[in-house]
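As a basis for the values below, the full set of heavy atoms in this structure was taken, side chains included, without hydrogen atoms, waters or symmetry mates.
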Amino acid sequence: MCHVIVTCRSMLWTLLSIVVAFAELIAFMSADWLIGKAKLGSSHSRDNGTGGSLEPYRPTLGIYERCTRIQHVPYSRRDTQCGPYAENFSEIASGFWQATAIFLAVGILILCAVALVSVFTMCVQSVMKKSIFNVCGLLQGIAGLFLILGLILYPAGWGCQKAISYCGPYASAYKLGECSLGWAFYTAIGGTILTFICAVFSAQAEIATSSDKVQEEIEEGKNLICLL
């Protein structure tokens with residue numbers, strides 16, 4: 001018989017697992033890893049629709065995406081274009097970024113699988129006498145290691161030609177040059193830290209769902225058990 005067990009700690013672990021997976025996925029797909037040096041681009045006057053002025057803007061560069069301003073477009077149209085600069089994996093700007101993409105993709109794939117499984121832990125807490133919480137916690141720890149490897153290798157690619165075109169000639173491995181780090185990089189770091197927190201917290205979720213009080217309610221014949 002399926003017993004639906006919901007505790008404060010197990011629910012918090014499930015929510016964190018889902019948030020971490022989405023945060024890492026969004027960061028990976030974003031173009032806001034590097035914010036390039038300021039460039040001058042034309043901007044049309046909204047007053048008369050014909051005048052022009054020069055406004056600085058900063059293009060952004062991701063692992064395989066980029067955002068840049070399109071020159072000489074009417075002010076009423078979107079003048080920033082975002083999309084992949086690499087049509088396939090081999091066109092990613094640096095070998096280090098290719099490795100980063102692999103490590104992050106593997107880590108994110110594991111996190112998404114754990115997030116999906118975590119939803120079903122309310123009804124199924126063990127498989128083949130193994131606690132799902134402990135297994136998921138182990139997988140989250142492994143995913144965190146993949147994410148760390150990807151984030152360590154990423155700055156090594158700052159010396160590639162693509163990064164130099166955005167960050168200036170002084171950019172090199174682990175040196176930003178005229179660039180600054182975007183929100184996607186910080187989100188990936190924050191998500192990695194939360195991944196390890198989830199891995200540790202999974203043990204607490206397992207303890208909460210297998211406590212004596214839960215067992216007492218199961219023996220009383222309850223199918224829905226909610227504990228704070």
Side-chain angles (χ1 to χ4, degrees), residues 1-30 32-33 62-65 89 98-154 183-228:
M1 182 180 295
C2 176
H3 298 282
V4 179
I5 303 174
V6 180
T7 69
C8 183
R9 282 177 283 182
S10 66
M11 183 59 68
L12 181 58
W13 173 76
T14 297
L15 292 175
L16 280 177
S17 298
I18 295 172
V19 168
V20 165
F22 272 104
E24 290 289 348
L25 181 60
I26 291 172
F28 178 71
M29 296 174 64
S30 172
D32 291 302
W33 284 71
I63 298 173
Y64 65 92
E65 291 252 345
F89 181 77
Q98 291 176 352
T100 295
I102 293 173
F103 285 124
L104 292 185
V106 172
I108 292 169
L109 183 62
I110 295 173
L111 289 179
C112 289
V114 171
L116 180 63
V117 171
S118 69
V119 176
F120 297 98
T121 56
M122 291 185 291
C123 187
V124 180
Q125 290 78 43
S126 62
V127 175
M128 299 178 64
K129 297 183 179 180
K130 298 290 184 179
S131 169
I132 291 182
F133 295 102
N134 291 339
V135 173
C136 286
L138 176 61
L139 290 175
Q140 285 174 326
I142 294 172
L145 294 178
F146 278 110
L147 295 176
I148 286 178
L149 287 173
L151 291 174
I152 289 175
L153 289 173
Y154 173 69
W183 65 264
F185 182 79
Y186 293 113
T187 299
I189 291 178
T192 302
I193 295 172
L194 282 177
T195 296
F196 286 106
I197 292 176
C198 285
V200 174
F201 199 69
S202 64
Q204 291 298 316
E206 195 276 333
I207 291 172
T209 55
S210 60
S211 64
D212 293 337
K213 192 167 183 179
V214 170
Q215 296 304 317
E216 289 174 3
E217 301 227 5
I218 291 176
E219 292 174 0
E220 290 175 5
K222 293 183 179 180
N223 293 326
L224 176 60
I225 302 169
C226 296
L227 299 175
L228 296 177

| What heavy-atom pair brings A199 and G137 nearest, and what distance separates the two atoms? | CB-O, 3.3 Å
| said: Counting C-beta onward and ignoring hydrogens, is there a side-chain heavy-atom pair between I102 and F89 closer than 4.5 Å? | reply: yes
| message | Parallel, tilted or perpendicular: which one describes the rings of F185 and W33, with boundaries at 30° and 60°? | response | perpendicular
| message | Just so I know, are the side chains of I26 and W183 near enough to count as touching, which here means a heavy-atom distance under 4.5 Å? | response | yes
| field | Distance-only donor-acceptor check, side chains Q140 and S17, under 3.5 Å | value | yes
| message | Rounded to the nearest 0.5 Å, what separates atom OG in S131 from atom CD1 in I207? | response | 10.0 Å
| field | Between CH2 on residue W13 and CZ on residue F201, distance to nearest 0.5 Å | value | 10.5 Å
| message | Within the supplied structure, the quantity of interest is the number of heavy atoms (other residues, nucleotides, ligands) at a distance under 6.0 Å from F196 CZ; does it exceed 12? | response | yes
| Minimum heavy-atom distance L153-A99, with the two atoms named | CD1-CB, 3.7 Å
| remark: Looking only at heavy atoms, the pair that brings I63 and A101 closest together is CG2-CB, 4.1 Å
| request: Considering non-hydrogen atoms only, spot the tightest contact between M29 and E65 and give its length. | output: O-CG, 3.7 Å
| If you round to the nearest 0.5 Å, how far is OG of S10 from CG of L15? | 9.5 Å
| Separation between OG1 of T192 and CG of L145, rounded to the nearest 0.5 Å | 10.5 Å
| Hey, what do you get for CG (L12) to SG (C198), rounding to the nearest 0.5 Å? | 8.0 Å
| field | Aromatic contact, Y64 with F28 (centres under 6.0 Å) | value | yes
| query | Can you tell if the side chain of T121 reaches within under 4.5 Å of the side chain of F133, non-hydrogen atoms only? | reply | yes
| query | Is there side-chain contact between F146 and L104, with at least one heavy-atom pair below 4.5 Å? | reply | no
| Does the side chain of I189 come within less than 4.5 Å of L147's, by heavy atoms? | no
| Taking all atoms of both residues into account, what is the closest heavy-atom pair of T100 and G150, and its distance? | OG1-O, 3.1 Å
| said: Within this structure, what is the CE-OG distance for the pair M11 and S118, rounded to the nearest 0.5 Å? | reply: 9.5 Å
| Residue pair I132 / V117: nearest heavy atoms and the distance that separates them | CG2-CG1, 3.7 Å
| query | Distance-only, no hydrogens or angles: does the E24 side chain make a donor-acceptor pair with backbone N or O of G107 under 3.5 Å? | reply | no
